[in-house]
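Step one of this worksheet: look at the structure below.
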Amino acid sequence: MTTGRAVAGAVVGAMALLGCLASAATAAQCGSSPAGFEAWKREFSAEAQGKGIGQTALSALMQTNYASATIAADRGQRSFSLTLDQFLAKRGATTIVAKGRQLKQSQAALFASIQQRYGVPPGPLIAIWGMETGFGSQRGNQNMLSSIATLAYDCRRPEFFTDQLYAALKLVDRGTLSGATRGSMHGEVGQTQFMPKNILAYGTGNLEVAANALNSTANFLKGHGWKAGAGYQPGEPNFVAIEAWNAAGVYQKAIALMGRQIDEGGGAAASR
């Protein structure tokens with residue numbers, strides 16, 4: 001490289017760095033208490049407007065409240081540190097498997113259609129459905145947008161939840177979700193608990209409807225490498241798709257185990 005080119009390269013690099021610093025300086029600042037949430041919302045709203053988020057979503061964002069219950073839940077996720085046996089017992093695996101086998105039979109046509117379309121058998125879908133919401137009975141009653149906005153503001157994982165917040169705002173603009181949508185502590189919604197980015201990428205219809213949620217879950221698994229006919233236990237090809245659904249190792253193993261027991265049927269429910 002000649003000296004002139006080296007100088008030019010250094011100038012371009014310095015300008016890029018300054019641009020990054022300026023962007024960081026103008027970004028909404030995270031916080032660890034309710035005190036700064038209202039100011040953060042105003043800053044974030046201005047940024048979001050500049051990125052094309054519409055007035056409907058911005059108005060919904062400005063009406064959100066700091067979700068103290070969400071922060072408490074985010075700090076207290078102790079069940080993922082349990083052993084597999086402890087986790088299965090705590091989450092009611094025996095009940096999930098028993099109910100799951102009944103649903104596999106009673107909704108055989110639905111699961112056959114899903115397997116034909118996505119290659120995903122009933123077991124892991126039913127296990128996820130049971131684990132996430134007790135087959136739709138426990139979908140959460142938190143304000144979805146407040147939960148996600150609070151986590152985007154919180155300094156613990158702002159990058160991840162900022163992406164989720166932008167996705168949620170897009171869904172509000174489209175009318176898929178609203179500022180009144182209820183969900184679980186981290187903003188998950190629907191029968192199998194989808195985060196907003198996954199709704200955008202894999203959602204098929206209203207996720208409060210079980211058939212849509214199960215199709216969407218199968219679509220997610222297929223989108224993360226699920227291969228029709230391959231195994232889904234740890235070490236088998238489709239386990240990577242289950243890993244993509246939830247980052248907790250004990251959760252992943254529980255889904256694989258319960259899914260196998262539902263698919264195979266017979267024997268003692270939730271036994272190894």
| said: Side chains of I255 and W245, heavy atoms from C-beta outward: is any pair under 4.5 Å? | reply: no
Less than 4.5 Å apart, side chain to side chain, heavy atoms only: is that true for L82 and V250? no
Do L165 and L145 make a side-chain contact, defined as non-hydrogen atoms from C-beta onward lying under 4.5 Å apart? yes
Between P234 and K253, the two heavy atoms sitting closest are CG-CG, 4.3 Å
Is the ring pair F37/Y153 parallel, tilted or perpendicular, if the boundaries are 30 and 60 degrees?
perpendicular
Exercise. Can you establish whether the number of heavy atoms outside E38 located under 6.0 Å from its atom CD is more than 12?
Key: yes
Are L61 and I53 packed together at the side-chain level, in the sense that at least one heavy-atom pair is separated by less than 4.5 angstrom? no
(request) Apply the test side-chain contact (heavy atoms from CB on, under 4.5 Å) to residues M62 and L58: give CA-CA distance (whole Å), side-chain angles for both, the deciding distance (0.1 Å), then the verdict. (result) CA-CA 6 Å; M62 293 308 296; L58 294 176; 5.6 Å; no
When every non-hydrogen atom of A218 is compared with those of L125, the smallest separation belongs to N-CD2, 3.7 Å
Closest non-hydrogen contact found for F87 with M131 is CE2-CE, 3.5 Å
So CG of L103 and CD1 of I262: to nearest 0.5 Å the spacing works out to 8.5 Å
For A168 and I148, the nearest pair of non-hydrogen atoms, with its separation, is CB-CD1, 4.4 Å
Quick one: side chains of residues 204-213, donor-acceptor pairs under 3.5 Å with protein atoms, not counting sequence neighbours, listed by atom name and distance.
unit_1: T204; atom_1: OG1; unit_2: N212; atom_2: O; d: 3.2
unit_1: T204; atom_1: OG1; unit_2: S216; atom_2: OG; d: 2.9
unit_1: N206; atom_1: OD1; unit_2: E208; atom_2: N; d: 2.9
unit_1: E208; atom_1: OE1; unit_2: R139; atom_2: NH1; d: 2.7
unit_1: E208; atom_1: OE2; unit_2: G190; atom_2: N; d: 3.3
unit_1: N212; atom_1: ND2; unit_2: N206; atom_2: O; d: 3.1

Taking everything shown except Q105 itself, do over 12 heavy atoms lie less than 6.0 Å from its CD?
no
Value for CD1 (I128) from CG (L214), rounded to nearest 0.5 Å, stands at 9.5 Å
Distance col, row L171:CG vs T181:OG1, nearest 0.5 angstrom, shows 9.0 Å
For this session: Check the pair D74, H186 against side-chain contact (heavy atoms from CB on, under 4.5 Å), reporting the backbone distance first and the verdict last.
Result: CA-CA 8 Å; D74 191 56; H186 290 76; 2.8 Å; yes
dist S184:OG -> N141:CG (nearest 0.5 Å) comes out at 9.5 Å
M258 and A93 have their tightest heavy-atom pair at SD-CB, 3.5 Å
* Indicate yes or no for a side-chain donor-acceptor contact from Q191 to the backbone of T133 under 3.5 Å, with no hydrogens or angles considered. => no
### Message
Between T217 and T192, is there a side-chain donor-acceptor contact under 3.5 Å, judged purely by atom types and distance?
### Response
yes
Check your understanding: Looking only at atom types and distance, does a side-chain atom of E188 sit under 3.5 Å from a main-chain N or O of G183, one as donor and one as acceptor?
Key -> no
F161 meets the ring pair (Phe, Tyr, Trp, His ring centres under 6.0 Å) criterion, sequence neighbours left out, with none
The side-chain hydrogen bond (donor to acceptor under 3.5 Å, both in side chains) partners of Y232 (sequence neighbours excluded) come to D263
### Message
Taking NZ in K41 as the centre, count heavy atoms belonging to other residues, nucleotides or ligands within less than 6.0 Å. Is the count above 12?
### Response
yes
Under 3.5 Å: donor-acceptor pair, side chain of S113, backbone of A109: no
TODO: Would you check, one step at a time, whether the test side-chain contact (heavy atoms from CB on, under 4.5 Å) holds for E47 with Y166?
DONE: CA-CA 11 Å; E47 295 171 19; Y166 271 115; 4.0 Å; yes
| What do the steps show when you test N215 against L110 for side-chain contact (heavy atoms from CB on, under 4.5 Å), and what is the final call? | CA-CA 9 Å; N215 271 279; L110 170 63; 4.2 Å; yes
So OG1 of T94 and CD of Q261: to nearest 0.5 Å the spacing works out to 8.0 Å
Query raised in the report: Is there a side-chain contact between T70 and D154 (heavy atoms, below 4.5 Å)?
Result: no
When rounded to the nearest 0.5 Å, the distance separating CZ of R157 from SG of C30 is 13.5 Å
Ignoring hydrogens and angles, tell me if any N or O in the side chain of N143 forms a donor-acceptor pair with the backbone of G179 under 3.5 Å.
-> yes
Discussion item. Within the supplied structure, the quantity of interest is the number of heavy atoms (other residues, nucleotides, ligands) at a distance under 6.0 Å from R117 CZ; does it exceed 12?
Written reply: no
Could you check whether Y118 and W226 have their ring centres less than 6.0 Å apart?
no
For D173 and G54 the tightest heavy-atom approach is OD2-N, 2.6 Å
So F135 and W129, would you call those rings parallel, tilted or perpendicular, with 30° and 60° as cut-offs? perpendicular
**Request:** Test side chain to side chain donor-acceptor pair (under 3.5 Å) on S147 and Q142 and set out the steps.
**Result:** CA-CA 7 Å; S147 294; Q142 303 297 311; 4.9 Å; no
Could you tell me if the side chain of Y202 sits less than 4.5 Å from the side chain of H224, heavy atoms only?
yes
Exercise. Do you reckon L200 sits in the same ILVMFWY cluster as M144, going by side-chain contacts under 4.5 Å, direct or chained?
Worked result: yes
